[in-house]
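Worksheet: the structure to be examined is printed underneath.
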Amino acid sequence: MSRERNRNYRQRVDEALASPRLQQALHSFGDAYVVARQNAFAGLDFEAMRSEIGSMKDRVREQRHELVAEFTRNAEAAGAKVFLARTADEANRYIAELAAAQGVKKVVKSKSMASEETHLNRTLEASGIETLETDLGEWIIQLAGQRPSHMVMPAIHMFRDEVATLFSKVTGQPEADDIPHLVKVAREQLRQGYFEAEMGISGANMAIAETGGIALITNEGNARLATTLPKVHVALVGLEKLVPTLEDATKVMRILPRNATGQLLTSYVTWIRGAVPCGEDDKELHIILLDNGRSALAESPQCRDALRCIKCGACANVCPVYQTVGGHVFGHIYISAIGVILTAFFHGLENAADLVKACIGCRACVAVCPSDIDLEGIILHLREVLGEEEGVGAGKALVFKHIMRNRKLFHSMIRAASLLQKPVTRGERSIRHLPLFFSSLTEWRTLPAIADKPLRDSWKSLPQKVQSPRYRVAFFAGCLNDFVYPEMGNDLVKVLNRLDVEVLFPKEQNCCGVPALYSGDRETAVALAEQNITAMLADQPDFVVTTCPTCTMSLQRDFIELLKDNPVWAEKARQLAEITIDVSRFIVDKLDGKTVFAEDPVGEKVTYHDSCHLKRGAGVWEQPRTLLAGSGREVVEMAHSDRCCGFGGSYSFTSHPDIAKHILNDKVKDIEATGASCVAMDCPGCIMQIRGGLEKQEKPVRAKHTIELLAESLK
Amino acid sequence: MLKQFIEALGKVGGQAAEVATVREAAAYIAGHVTGTLLLPSQPSLERVALAVELETAGVKVIKESWREHAASANAGVTGVNFALADTGTVVLDSTVEAVRLATTLPELHFALLDPGKILVDSLAAIPYLRGFHERAPRNYLAYITGPSRTADIERVLTIGVHGPRQLHVLLLPGLSTDYYEL
Ligand code: SF4
Ligand code: SF4
């Protein structure tokens, strides 16, 4: 890995974290967005709409050669010229040569991410052509000499006073930092440009094969001017913008503004086919279809769904990492989740290396993507690829390969660590301070001590009180439950026994493999998957019950993917996935057990934190609330209940503790604002993070696993 | 459907006015215009002799050399091919350049719509969208939903950036029944 690159990146992270104004702006934008989006989809079936977009875009990928041919034929029949540019360079050169041939001195541009991707302005300016961005946000960042920090709102990172300073330089007089005034200044200043320019450059939201036309979805009206007044119109269009028919284009038009800004429709949707009249003459229309890595993306089975993207920017709007550091850190040219992926293919894996690790894996982006892209899954895959290319990191690799894969060694080392930590814990359950260079680990949250006795060692002495069990289930504890929070295992047994379920603990179970997988060590993840499958299926349990949703996703999703190429293992993985179930869902959906806890109602006011992998991975969020309310607790909702807590395993320890801390602080504030005395959740990782933050900040709120609270109800 | 259209248009900052005669429409426009007005030639507006009515009402109407006058014009007036109720959208075949000039450069855009030409939504508009493409080899079609807007500075919604600051849709019954006619 390039140290230089990483140093620059770290510096940008620090700068962003030191800018509370930016964070505040992105947070309140995120909040407003969620509400606006919800209203915009009222009465519509988002899931159905997005699966239509997803499958339409897949068809486009499969039939791209035919569709390019059809589009080209129709566009040329209408008097346009179509050029297929394989690289950014080819596209830029085509435009620069065209401009030279036409004697173009000035170009007006409406917003085009594709031209940002190719750095078109640089090329044109190097050939002595003045380029004027006319989209307000693009103009602002052009004046500031920056790049967009959001795909839809390029200047979202800037504030009115900064804009006023920039505009004052243009007009040569002080401009007030009043937004309507600044907008008026832009209108006046840019007006003349449309008349002077000999060429207008636009992007396109859709290129419709059926008609050979393009469509632009815009708000400001500058694209209409830039495509009307100058004699030459150049549209630079990413190949992924192709759609087969007007029906498909209309579907994109119906979902894009709703998901981008919460608008039912933008002010303008402009459908342009062919060389339309221009003054006394006809326009000269050039459409450049840009490949630049898109064909490579189409050939990657693990990543190709990213080509479905319709560039709505929503994956940024909801991303806790984006909200914390902004698009100049969590992005290259394209930003946020989709940016991580597109950067890898359009601008090289090298430029994506830091971004790939900056994602905390919360899947908030996946939930809002109108093109149904498993963004987090693809980012995870890229992390694996990078793990292979750049190495996982010497220390980590050693741990994963030689220690984790050998369960006995791994577990005896954890036991040893429990003894080593004795001096710092002073007999307490939490580590509040650590000596010397470890101290940063407990700066902003306490950490739990490793338990004296892991769950696996005390299991035999756990009395199981079930006469004739309804089910025999195997408990997959995961490392945290086993070695850090063994008491949750006791509670699980107590609760499930009460519901006539016998619980087994297969001793051969090992780490679920997520830490290795998320660090890019696929080989170790495969080895662990095989160990765990063997262990968990050995006693032929009716179900495999989990208390950690990250483990659940591992058993349900990752094992299948990891072992798909080996038919024998693939079948076993499928069997395990089928019977794996998260404990809250098990109790509600399979045991119908909620009434049991009502016998001794607890009046406590509880708020609930939705763990990322539970809500957006396993789709469980109602069941724990049902159980808590059913036990007589008053459940109050916190704001952003399903926003990530900032744990993310090694994310919060080694990869991005600084970002994780900010995300945790947001969570602590939301919890505190409810006035609840307890926050419940269904994930030991979240407990480690949230309990640690609450303890460190000395908040009078306890953080508990739902299973612990249910066990309390049975006392 | 008319009610839904008017409501949706209002939500995006457009204004709807129901007028009974072309004279009333001209009077409404005259009441808002403060400078010259671009009037591209359009069959429906010619049929009802809007130009004459506007001039009678005292409006300075530009009926040719639009490019020359576009930059300084205060308003533009057009017909509407048809409208979409759910989003408050007016659809304008803008292939004729003068229509584009009249709806992009001036501060005010007046659009005369026959209330009988309102479709439920953009899905219902697809056959007509296709029809436009079949009838003419080259097209510039515009779905216009409210005035021009931006939120590019601090995400504060501001109306009227590069395009019209005001969009008035004048609902005039009996203007046109042809969806392909502006
Ligand atoms: S998974 Fe979460 S952190 Fe990662 S890109 Fe998506 S929203 Fe951002
Ligand atoms: S990946 Fe999905 S959410 Fe992100 S910009 Fe593309 S379409 Fe929108």
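To find a chain, count down the sequence lines: A is the first, B the second, and so on, and within it residues start at 1.
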Going from CG on Asp178(A) to OG1 on Thr158(B), what distance comes out if it is rounded to the nearest 0.5 angstrom? 9.0 Å
What distance do Leu264(A) atom CG and Asp121(B) atom CG have between them, rounded to the nearest 0.5 Å? 11.5 Å
Between Thr218(A), Leu216(A), Leu190(A), Ile179(A), who has the most heavy-atom pairs with chain B when the cutoff is under 4.5 Å? Ile179(A)
Arg23(B), CZ atom: more than 12 neighbouring heavy atoms under 6.0 Å: no
Distance-only, no hydrogens or angles: does the Arg138(B) side chain make a donor-acceptor pair with backbone N or O of Val276(A) under 3.5 Å? no
For each of Val96(B), Ile159(B), Leu129(B), tally heavy-atom pairs with chain A at distances under 4.5 Å, and name the one with the top tally. Leu129(B)
Heavy atoms only, distances under 4.5 angstrom: which of Thr87(B), Leu167(B), Thr150(B), Val156(B) has the most pairs with chain A? Name it, please. Thr150(B)
Could you check whether any side-chain heavy atom of Cys278(A) comes within less than 4.5 Å of a side-chain heavy atom of Arg100(B), counting everything from C-beta outward? no
Please flag which part of Asp282(A) lies under 4.5 Å from any non-hydrogen atom of chain B: side chain, backbone, both or neither. side chain
Within the 4.5 Å heavy-atom criterion, are Gln263(A) and Thr145(B) side-chain neighbours or not? no
Need one label for Glu210(A): side chain, backbone, both or neither, based on atoms under 4.5 Å from any heavy atom in chain B. side chain
CG on Leu92(B) to OG1 on Thr270(A), rounded to 0.5 Å: 11.0 Å
Please classify the contact between Ala32(A) and chain B as side chain, backbone, both or neither, with a heavy-atom cut-off of under 4.5 Å. neither
Note: Gly163(B) and Tyr268(A) closest approach over all heavy atoms is CA-OH, 4.2 Å
Please flag which part of Ala136(B) lies under 4.5 Å from any non-hydrogen atom of chain A: side chain, backbone, both or neither. backbone
Mind checking the CG-CG spacing from Asp152(B) to Leu182(A)? Nearest 0.5 Å is all I need. 12.5 Å
Between Leu136(A) and chain B, with a heavy-atom cut-off of 4.5 Å, which part of the residue counts as in contact: side chain, backbone, both or neither? both
Could you check which of Val183(A), Thr228(A), Thr211(A) has the highest count of heavy-atom pairs closer than 4.5 Å to chain B? Thr228(A)
Identify which of Asp86(B), Thr104(B), Val91(B) forms the greatest number of heavy-atom pairs closer than 4.5 Å to chain A. Thr104(B)
What pairs meet the ring pair (Phe, Tyr, Trp, His ring centres under 6.0 Å) rule with one or both residues in residues 84-105 of chain B, with sequence neighbours excluded? none
Checking Arg155(B) against chain A: side chain, backbone, both or neither under 4.5 Å from a heavy atom? side chain
Strictly distance-based, threshold 3.5 Å: is any side-chain N or O of Arg191(A) a donor or acceptor partner for the main-chain N or O of Leu105(B)? yes
Before you tell me yes or no, could you show the steps for Arg224(A) and Thr103(B) under side-chain hydrogen bond (donor to acceptor under 3.5 Å, both in side chains), namely the whole-Å CA-CA distance, both residues' side-chain angles and the distance that decides it to 0.1 Å? CA-CA 9 Å; Arg224(A) 286 158 51 79; Thr103(B) 55; 2.9 Å; yes
Classify the ring geometry between His162(B) and Tyr194(A) as parallel (under 30°), tilted (30 to 60°) or perpendicular (over 60°). perpendicular
Pairwise ring pair (Phe, Tyr, Trp, His ring centres under 6.0 Å) hits with a residue in residues 13-49 of chain B, at least two apart: Tyr28(B)-His32(B), Tyr28(B)-His168(B), His32(B)-His168(B)
Minimum heavy-atom separation for Ser267(A) to Pro147(B), with atom names? OG-O, 3.0 Å
Highest number of heavy-atom pairs under 4.5 Å with chain B among Ala223(A), Pro277(A), Gly79(A) belongs to Pro277(A)
Out of curiosity, Arg187(A) CZ to Glu107(B) CD, how far, rounded to the nearest 0.5 Å? 4.5 Å
What heavy-atom pair brings Glu247(A) and Ile126(B) nearest, and what distance separates the two atoms? OE2-CG2, 3.4 Å
Which value, rounded to the nearest 0.5 Å, describes the distance between Met153(A) atom CE and Ile153(B) atom CD1? 13.5 Å
Looking at Lys184(A), I want to see if its NZ is surrounded by more than 12 non-hydrogen atoms of other residues, nucleotides or ligands under 6.0 Å. no
Below 4.5 Å from any heavy atom of chain B, which atoms of Leu229(A) appear? Answer side chain, backbone, both or neither. both
For residues 249-260 of chain A, which side-chain donor-acceptor pairs fall under 3.5 Å, sequence neighbours excluded?
{"unit_1": "Thr250(A)", "atom_1": "OG1", "unit_2": "Leu246(A)", "atom_2": "O", "d": "2.8"}
{"unit_1": "Arg254(A)", "atom_1": "NH1", "unit_2": "Ser122(B)", "atom_2": "OG", "d": "2.9"}
{"unit_1": "Arg258(A)", "atom_1": "NE", "unit_2": "Ala40(A)", "atom_2": "O", "d": "2.9"}
{"unit_1": "Arg258(A)", "atom_1": "NH1", "unit_2": "Arg254(A)", "atom_2": "O", "d": "2.9"}
{"unit_1": "Asn259(A)", "atom_1": "OD1", "unit_2": "Arg37(A)", "atom_2": "NE", "d": "2.6"}
{"unit_1": "Asn259(A)", "atom_1": "OD1", "unit_2": "Arg37(A)", "atom_2": "NH2", "d": "3.2"}
{"unit_1": "Asn259(A)", "atom_1": "ND2", "unit_2": "Val368(A)", "atom_2": "O", "d": "2.9"}

Could you check which of Asn74(A), Thr134(A), Ile140(A) has the highest count of heavy-atom pairs closer than 4.5 Å to chain B? Thr134(A)
Counting only N and O atoms by type, is there a donor-acceptor contact under 3.5 Å from the side chain of Glu97(B) to the main-chain atoms of Gly279(A)? yes
Checking Ser28(A) against chain B: side chain, backbone, both or neither under 4.5 Å from a heavy atom? side chain
Chain B contact residues among residues 155-168 of chain A, heavy-atom distance under 4.5 Å: Ala155(A), Ile156(A), Met158(A), Phe159(A), Arg160(A), Val163(A)
